[in-house]
2 protein chains.
Amino acid sequence: MLNEKFDRYSFILDQTAKKVKQFAQSSFAEKGFDITVDQWTVLKALYETDQLSQKELAKRCGKDQPTLTRIVDILLKKNLAERITDETDRRSLYLHLTEEGKLKVASLTPIVTEIRMKAWENLADEDFEAFTRILNTIYNNLNIE
Amino acid sequence: MLNEKFDRYSFILDQTAKKVKQFAQSSFAEKGFDITVDQWTVLKALYETDQLSQKELAKRCGKDQPTLTRIVDILLKKNLAERITDETDRRSLYLHLTEEGKLKVASLTPIVTEIRMKAWENLADEDFEAFTRILNTIYNNLNIE
DNA sequence: TAAATATATTTGTTGTACTAAATATTTGTA
DNA sequence: TACAAATATTTAGTACAACAAATATATTTA
């Protein structure tokens, strides 16, 4: 049956995503970063745009709100970010990085890029185009709301 | 900087893998399958090759042993699989599906294939080739042991 | 203005991932 | 044979993902 060969793509996709995360995480540990990959995603988003609400931050990080709440809780404990109540809408909490948080992102960014690049050895620019196009297509095919 | 554009691939990869899993999971729920996607992965592997040790099963499913142990615990509770001590090596446990487990896999398989195929709308066979080649390359680039 | 509805966040629960450590058993070697 | 090393599995602890329900506050509407 023609469709059979498509049946295992989800396995390859899942394993590769897991490996990418795992590689980054063990590199972080090895270099003594003392944050998880998911915490890094949140820190980076806040560094790029400070003063985001949790809702907006969750969206940019591709995480749901309960998950983000818990990650932010940890960042607060580590003194990397702060929660500030929005006085115009007291339901909202705005987040921004502490000085320590900003320094951390600034100093780690180049090293993270280096870690991330390792995945692309033996691959060409056209592969990158195909990669993003195919994954975005799959995402959109399944993103029915 | 040339490398900048490669910096966000991990996000796309992660989001897409998550979406594929989430789509399958919500389809499972909608159709009343009463198992998780990860439980399905294990059931399918056991269906294809019965009588696997937990170690071998974990490897085939791309899961670590503690995670597999817990998934198997759940499958036992659901009467879908059984653990049998290997009398030639009493450290090992062999697993196999119950009749109920086999029936479940047999009846769900075509529906799962259908669910999985939805991701490939608007994509060509060449895309599938590129997809597997690129993801496998990335996996191998990072798979340093 | 009071009640209904909507929005932002948090809490609770279940399941999975990873690490380290514990347990039981087997194998290799002195 | 006895002891050390290796192997298979489980347990414990922390982190993250998804969902549902709870809480607090805003907005809409009757």
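Letters go in sequence order (proteins before strands), and every chain restarts at 1.
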### Query
Do you see a donor-acceptor pair shorter than 3.5 Å between the side chains of A:Asp38 and A:Thr36?
no
### Task
Would you please confirm or rule out a distance under 4.0 Å between OP1 or OP2 of D:dA17 and any side-chain N or O of B:Gln22?
no
### Task
Could you tell me whether the phosphate oxygens of C:dA17, OP1 or OP2, come under 4.0 Å of any side-chain nitrogen or oxygen in A:Lys18?
yes
## Note on the structure
When A:Leu93 and A:Lys19 are each assigned the nearest nucleotide of DNA chain C, the 5'-most assignment goes to A:Leu93
### Query
In whole angstrom, what separates A:Gln39's CD from D:dA17's C1'?
15 Å
### Task
Answer with base, sugar-phosphate or nothing: what part of the nucleic acid does B:Leu68 contact at a heavy-atom distance below 4.0 Å?
nothing
### Task
Indicate if A:Tyr47 and B:Phe11 have the same hydrophobic cluster label, given that clusters are the connected sets of ILVMFWY residues with side-chain heavy-atom separations under 4.5 angstrom.
no
## Note on the structure
Smallest heavy-atom separation, B:Ala81 atom then B:Leu46 atom, equals CB-CD1, 4.4 Å
### Message
Just the rounded figure in Å: distance from P of D:dA18 to CG of A:Asp38.
### Response
11 Å
### Summary
Sorted by position of nearest nucleotide on DNA chain D, 5' first, the leading residue of A:Thr67 and A:Thr88 is A:Thr67
### Query
Is any side-chain nitrogen or oxygen of B:Lys21 closer than 4.0 Å to OP1 or OP2 of D:dA17?
no
### Task
Whole angstrom is fine here: how far is it from CG in A:Asp73 over to P in C:dT10?
7 Å
### Task
For B:Thr36, answer base if it contacts any base atom (sugar-phosphate contacts may also be present), sugar-phosphate if it contacts only those atoms, and nothing otherwise; contact means non-hydrogen atoms under 4.0 Å.
sugar-phosphate
### Task
Would you mind classifying the nucleic acid contact of A:Gln54 as base, sugar-phosphate or nothing, using non-hydrogen atoms under 4.0 angstrom?
sugar-phosphate
### Task
May I have the distance from A:Lys59 (atom NZ) to C:dT9 (atom C1'), rounded to whole angstrom?
17 Å
### Query
Rounded to whole angstrom units, what separation is found between the CG atom of A:Asp89 and the P atom of D:dT27?
6 Å
### Query
Would you say the base of D:dA12 and the side-chain of B:Arg70 have a donor-acceptor pair closer than 3.5 Å?
yes
### Task
Check the distance between C:dA8's P and A:Leu57's CG and give it to me in whole angstrom.
14 Å
### Query
How do A:Arg83 and A:Asp14 order along DNA chain C: which one's closest nucleotide is nearer the 5' end?
A:Arg83
### Query
Across all strands shown, which nucleotide pairs with D:dA20 by Watson-Crick or G-U wobble geometry, both distances under 3.5 Å?
C:dT11
### Query
Contact class for A:Thr69 (heavy atom, under 4.0 Å): base, sugar-phosphate, or nothing?
base
### Query
Any donor-acceptor pair under 3.5 Å linking the side chain of B:Asn122 with the backbone of A:Thr137?
no
#### Entry: Of A:Gly62 and A:Lys78, the one whose closest DNA chain D nucleotide lies more 5'
A:Lys78
### Message
So that I know where these two stand, are A:Trp120 and A:Phe131 an aromatic pair - ring centroids less than 6.0 Å apart?
### Response
yes
### Message
What's A:Gln25 touching, base or sugar-phosphate or nothing? Going by heavy atoms closer than 4.0 Å.
### Response
nothing
### Task
Answer with base, sugar-phosphate or nothing: what part of the nucleic acid does A:Asp64 contact at a heavy-atom distance below 4.0 Å?
base
### Query
Between A:Ile71 (CD1) and C:dT9 (P), how many Å, whole number?
15 Å
### Summary
One should read off an interatomic distance between B:Asp64 CG and A:Lys18 NZ, to the nearest 0.5 angstrom, of 7.5 Å
### Message
What's the closest nucleotide to the side chain of A:Arg91 if the choices are C:dA6, D:dT10, C:dT9?
### Response
C:dA6
### Distance in angstrom units between A:Glu56 CD and C:dA8 C1', rounded
13 Å
